[in-house]
2 protein chains.
Amino acid sequence: MLKNPIVLLDIVDRLANVMRGEFRRVGGEEGLQPVHIQALLFLQQVNRFSNTPQALAEYLNVTKGTISQSLLLLDRHGLIERYQDDIDKRVVRLRLSPLGEAFLDESNPASLWQSGAREISAHRIRYCVTVLRAILFEIQNLTGGTPFGVCNNCIYYQRKSQRIHHCAWFGERLSGPETRKICRDQAPKSSSLTT
Amino acid sequence: MLKNPIVLLDIVDRLANVMRGEFRRVGGEEGLQPVHIQALLFLQQVNRFSNTPQALAEYLNVTKGTISQSLLLLDRHGLIERYQDDIDKRVVRLRLSPLGEAFLDESNPASLWQSGAREISAHRIRYCVTVLRAILFEIQNLTGGTPFGVCNNCIYYQRKSQRIHHCAWFGERLSGPETRKICRDQAPKSSSLTT
DNA sequence: TTTTTTTGGTATCGCTCCGATACTATACCA
DNA sequence: TGGTATAGTATCGGAGCGATACCAAAAAAA
């Protein structure tokens, strides 16, 4: 059956279009475009190894020049902060400003999605996440794209004890919340679908 | 657990961004933008009740003025045909031209997605489709959006015999292939998740 | 019927995303 | 130490997109 994947693609695309419209509506009050909302959501969820313009550009699949302009606008609006990396002085680090965090908290761009998914069980959500992650990872392999993913789903993630988390790739200890954030250098474990 | 839906939204958005980039690549050779590829794919899959600019605009979540320009471009490229509706003379009907069909066949914008989903079983794909459809339908209810969906998943779809399909909404007989196309006036059956 | 309102689509304008290119500064390497 | 690669910025042009105004046809109202 060749057509089912296409049906899935249709739904994914349409959901994204709907959310894009929602982001436009949410951001309109602040003069923000959908892409800016996506950028803010990215910064809300990315870990401290991946909060750079380059990573954001790859995540949103745009060029670094493009994202540079978007960041300029977000900076002018006071929604993000940019600071130089200590070690590599070429690298710019990004984070939400208090204003940016407040904006996300108040406007909650994902609230429509959350409402729409309210009746879906956590198990079904997780199932979909697993399947879509597998597709995304495979596509990233095919196109050579950066394999973004959640930290604790990575082969370099090590849980040394109840409270000690460690990344074998960057060689640094991780806090508990950090292990649930998005990382750009992710090498996912072989997926273990539950059905 | 409030965060899992957000994770799913992230993946849906990112998959859409990746495919958007792929559409840009595919369409670039013909001078087409991602939105034009999406429009062609829509026309490839929509049924004869829903092949209008208005429906396409709602599907892609853009205004009718915007989609009118996109259709103008596709028409200039000879990829679509526009013709007047017999009954309501305000309505413009759309269809892929032979050139448009050939373009989709040759370039196959969804091939990357198909490759990425190759290893996923049909069952898992269907499962995801069902869940995402439920979310999409719920969101459409909340926003008052048009409930697009596949014809044979609609409460107005009636299978009168092995080969006789009927739509109780439009009051017309349907061919077998038609029942698998997208319709804009869809009222989905209560979802029956298989797990 | 005639008039009014609604609806589907088009045309035009301005804004801003976005890719492409060129450029700077830092880091890495031989 | 000089050459290359990389992270980011600046600038330009093309094009999507929303907003508005407009037209024609249908539907509703009077």
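Order of the sequence lines sets the chain letters (A, B, ...), proteins ahead of strands, with each chain counted from 1. Small disclaimer: the values here were computed from a predicted structure and weren't measured.
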*asked:* I want to check one thing: is the phosphate of dC18(C), taken as OP1 and OP2, less than 4.0 Å away from some side-chain N or O of T66(A)?
replied: no

*Return the value, rounded to whole Å, for the distance between atom OH of Y83(B) and atom P of dG8(C).*
17 Å

_With a 4.0 Å cut-off on N to O distance, would you call R25(A) and E22(A) a salt bridge?_
yes

What are the atom names and distances for every N/O pair under 3.5 Å that joins the protein to nucleotides 1-5 of chain C?
none

*Taking atom P of dG18(D) as reference, at what distance in whole Å does atom CD1 of I67(B) sit?*
9 Å

*Could E58(A) and R14(B) be called an ion pair, given the rule that one side-chain N must be under 4.0 Å from one carboxylate O?*
no

_Gap separating the CG atom of L104(B) from the CG atom of N108(B), nearest 0.5 angstrom_ = 8.5 Å

*Would E172(A) and R48(A) satisfy salt bridge (Lys or Arg N to Asp or Glu O under 4.0 Å), going step by step from the backbone distance to the final call?*
CA-CA 11 Å; E172(A) 294 200 24; R48(A) 64 191 152 96; 2.7 Å; yes

*Check the surroundings of atom CD in E119(B): do more than 12 heavy atoms from other residues, nucleotides or ligands lie under 6.0 Å from it?*
no

*asked:* If you assign each of Q84(B) and V62(B) to its closest nucleotide in DNA chain D, which residue comes earlier from the 5' end?
replied: V62(B)

*Using the ring of each side chain (for Trp, its six-membered ring), is Y156(B) parallel, tilted or perpendicular to W169(B), with breaks at 30° and 60°?*
tilted

*In terms of the angle between their ring planes, are Y59(B) and F42(B) parallel, tilted or perpendicular, with boundaries placed at 30° and 60°?*
tilted

_Interatomic distance, E58(B) CD vs dC17(D) P [rounded to whole Å]_ = 16 Å

*Y157(A) side chain reached by C167(A) side chain, heavy atoms, under 4.5 Å*: no

*Using atom CD of Q69(B) as one end and atom P of dG14(D) as the other, report the distance to the nearest whole Å.*
17 Å

*Looking across every strand, which nucleic acid part, if any, lies under 4.0 Å from R82(A) by heavy atom: base, sugar-phosphate, or nothing?*
sugar-phosphate

*Do the rings of F170(B) and F49(B) sit parallel, tilted or perpendicular, given the 30° and 60° boundaries?*
parallel

_As an exercise, state the distance from CG of L9(A) to CG of L15(B), rounded to the nearest 0.5 Å._
9.0 Å

_Cation-aromatic face contact R95(B)/Y83(B), 6.0 Å, 45 degrees_ = yes

*Using a cut-off of less than 4.0 Å, is there contact between a side-chain N or O of T63(A) and OP1 or OP2 of dC18(C)?*
no

*Do side-chain atoms of N61(B) reach the backbone of N17(A) as a donor and acceptor pair under 3.5 angstrom?*
yes

Listing time: all N or O pairs from protein to nucleotides 1-7 of chain D that are below 3.5 Å?
unit_1, atom_1, unit_2, atom_2, d
dT6(D), O2, R90(A), NH1, 2.9

_Length of the CG-P vector between L56(B) and dG9(C), whole Å_ = 10 Å

_Below 4.0 angstrom, which residues in residues 16-48 of chain A have at least one non-hydrogen atom near DNA chain D?_
R24(A)

*Starting from C1' on dA10(D), measure out to CG on L73(A) and report it in whole angstrom.*
16 Å

*To the nearest Å, how far apart are L72(B) CG and dC17(D) P?*
15 Å

_d(CG, D85(A); C1', dA25(C)) in whole Å_ = 14 Å

